[in-house]
There are 2 protein chains.
Amino acid sequence: MKGRLKMNESFLSIAQEKQDRIRNEAMFEFGENGYEKASTNQIVKRAGIGKGMLFHYFNSKYDLYVYLIDFALKKIQDDYLNFSRTEPDFIERLKVFASDKWRFMQRHPELATFISSVFVNDSDIIPSDYQKQIKLLINQRMESLFAEIDLSLFREDIDINHALKLVHWTFDGYQADVIKRLKGKSMVHESWETYWEEFDHYLITLKTVFYKEDAQ
Amino acid sequence: MKGRLKMNESFLSIAQEKQDRIRNEAMFEFGENGYEKASTNQIVKRAGIGKGMLFHYFNSKYDLYVYLIDFALKKIQDDYLNFSRTEPDFIERLKVFASDKWRFMQRHPELATFISSVFVNDSDIIPSDYQKQIKLLINQRMESLFAEIDLSLFREDIDINHALKLVHWTFDGYQADVIKRLKGKSMVHESWETYWEEFDHYLITLKTVFYKEDAQ
DNA sequence: AATTCAATCGACCAGGGTGGTCTACGCATG
DNA sequence: CATGCGTAGACCACCCTGGTCGATTGAATT
């Protein structure tokens, strides 16, 4: 699946903390500016290493980029997607999914920024293997969102597929709104918790309108 | 309200078509790259004029930027916001608003791209007058969205404010979804019309769940 | 103590892009 | 023929780019 990564193995034998620092700062730099406009000079400055080292570990800017994609995808798979969620109540499932996503974005902002930038802005310059892999992850997540939902909770006078999509859009719209309100402020844990509790009240209303009366 | 724009008046006496071409290409360049990374060389190349002319009309990159903001805001005010919408049915009102927005984005993609980039990425480097003006426009539009809505259409066992926000988020989520699906493809009229009709069906469901039974 | 060797840094390179200037050309009018 | 205006793009000094390479360090080995 993956062609051998052109990385100098000595990179893996340096202190973990240093590896992390280099990877994180590189991912931030790429994530914020896209591949072309990201600067290797900025990366070494941010990571506090000499320029020689970066090109000693990774032969070129592009090799570094590909290594980071590989690393990020593995990490996302392990830390974020490898749970199976079984909550049958669709609205509750969406809540769990959103919660997982936010927790991950807080814990690993560099991964979130990086991989989304790769997919949105630069997906055409990366090896096709990784293109496929990213699309696969997205599809898997989408499927697991709708798998084994208890559809009997929904009221029967509406099209179930409409209901699922409408509720899904509502969640997405709410989250986009939170992001807009959070812009500028740092995404601290506290902030999100606040919005979280706020939205809980809305979920009750959402259930009231989309679910059967006795499903409360 | 606006300090005198530092523009050479000869710009206004050249052919309208040429003015439009220069403004449009400049707005696209700024909109796509942000102020700093936008290139005056690119602008003159795209507009098909010599570099001398650009700096003859506008003394500096920044003066050009400010002129474009002023121009864009006036145009948006005239072509987009100067309607008063009176539809009392909230869901229908949202539909009208969304339709207006899309029509505008199709007709003037350069304005949409430009002004959103100014507000989202560069609002801190523009004269504070324009900062305020943009915020004012957004607030006015937001207010007119909620003004004189017939709240009696909504069912009475839910919090009206919750309902308004939930429906609003649903619309925003849907539109974000359409944008995602449209990425890459050109935003041709046809595409939008298709999605538009599709969403009409969803609106019926939305009314069924949020409105009183007899309000159909 | 001498030698080896890998890790590390940052000065340096050629190339290209930056915002902005200025000269020179073409063309209409006097 | 002369003047002057609109125009183009060569040119400027500067800065940043991805990438190289010689110099310095310091620990390990002999």
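Numbered from 1 within each chain, the chains take letters A, B, ... in sequence-line order.
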5′-ward residue of the pair Ala38(A)/Met53(A) relative to DNA chain D: Ala38(A)
With a sphere of 6.0 Å drawn around [atom1] of [X], does it hold more than 12 non-hydrogen atoms of other residues, nucleotides or ligands?
X: Lys37(B); atom1: NZ; answer: yes
X: Glu32(A); atom1: CD; answer: yes
X: Lys45(A); atom1: NZ; answer: no

When the distance from [atom1] of [X] to [atom2] of [N] is rounded to whole Å, what number comes out?
X: Asn59(B); N: dT21(C); atom1: CG; atom2: C1'; result: 13 Å
X: Asp63(B); N: dG19(C); atom1: CG; atom2: P; result: 14 Å
X: Ile43(B); N: dG17(C); atom1: CD1; atom2: P; result: 16 Å
X: Phe55(A); N: dG22(D); atom1: CZ; atom2: P; result: 18 Å
X: Glu9(B); N: dC5(D); atom1: CD; atom2: P; result: 16 Å
X: Tyr35(A); N: dG18(D); atom1: OH; atom2: P; result: 8 Å
X: His56(A); N: dC9(C); atom1: NE2; atom2: C1'; result: 13 Å
X: Lys37(B); N: dG19(C); atom1: NZ; atom2: P; result: 13 Å

Does [X] make a side-chain N or O approach to OP1 or OP2 of [N] shorter than 4.0 Å?
X: Tyr57(A); N: dA7(C); result: no
X: Tyr62(A); N: dG18(D); result: no
X: Asn41(A); N: dT17(D); result: yes
X: Ser39(B); N: dG17(C); result: no

Residue met sooner reading DNA chain C from 5', once Gly52(B) and Lys18(A) are mapped to nucleotides: Lys18(A)
Check: Phe199(B) ring centroid to Phe171(B) ring centroid under 6.0 Å: yes
Of the listed nucleotides ([options]), which one gets closest to any side-chain atom of [X]?
X: Ser10(A); options: dT8(C), dA7(C), dT7(D); value: dA7(C)
X: Lys61(B); options: dG20(C), dT7(D), dG18(D); value: dG20(C)
X: Lys51(A); options: dG19(C), dT8(C), dT20(D); value: dT20(D)

Touch class at under 4.0 angstrom, heavy-atom based, for Phe58(A) against every strand present: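 Phe58(A): no heavy atom of the nucleic acid under 4.0 Å.
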Under-4.0 Å salt bridge between Asp100(A) and Arg85(A):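 A salt bridge links Asp100(A) with Arg85(A).
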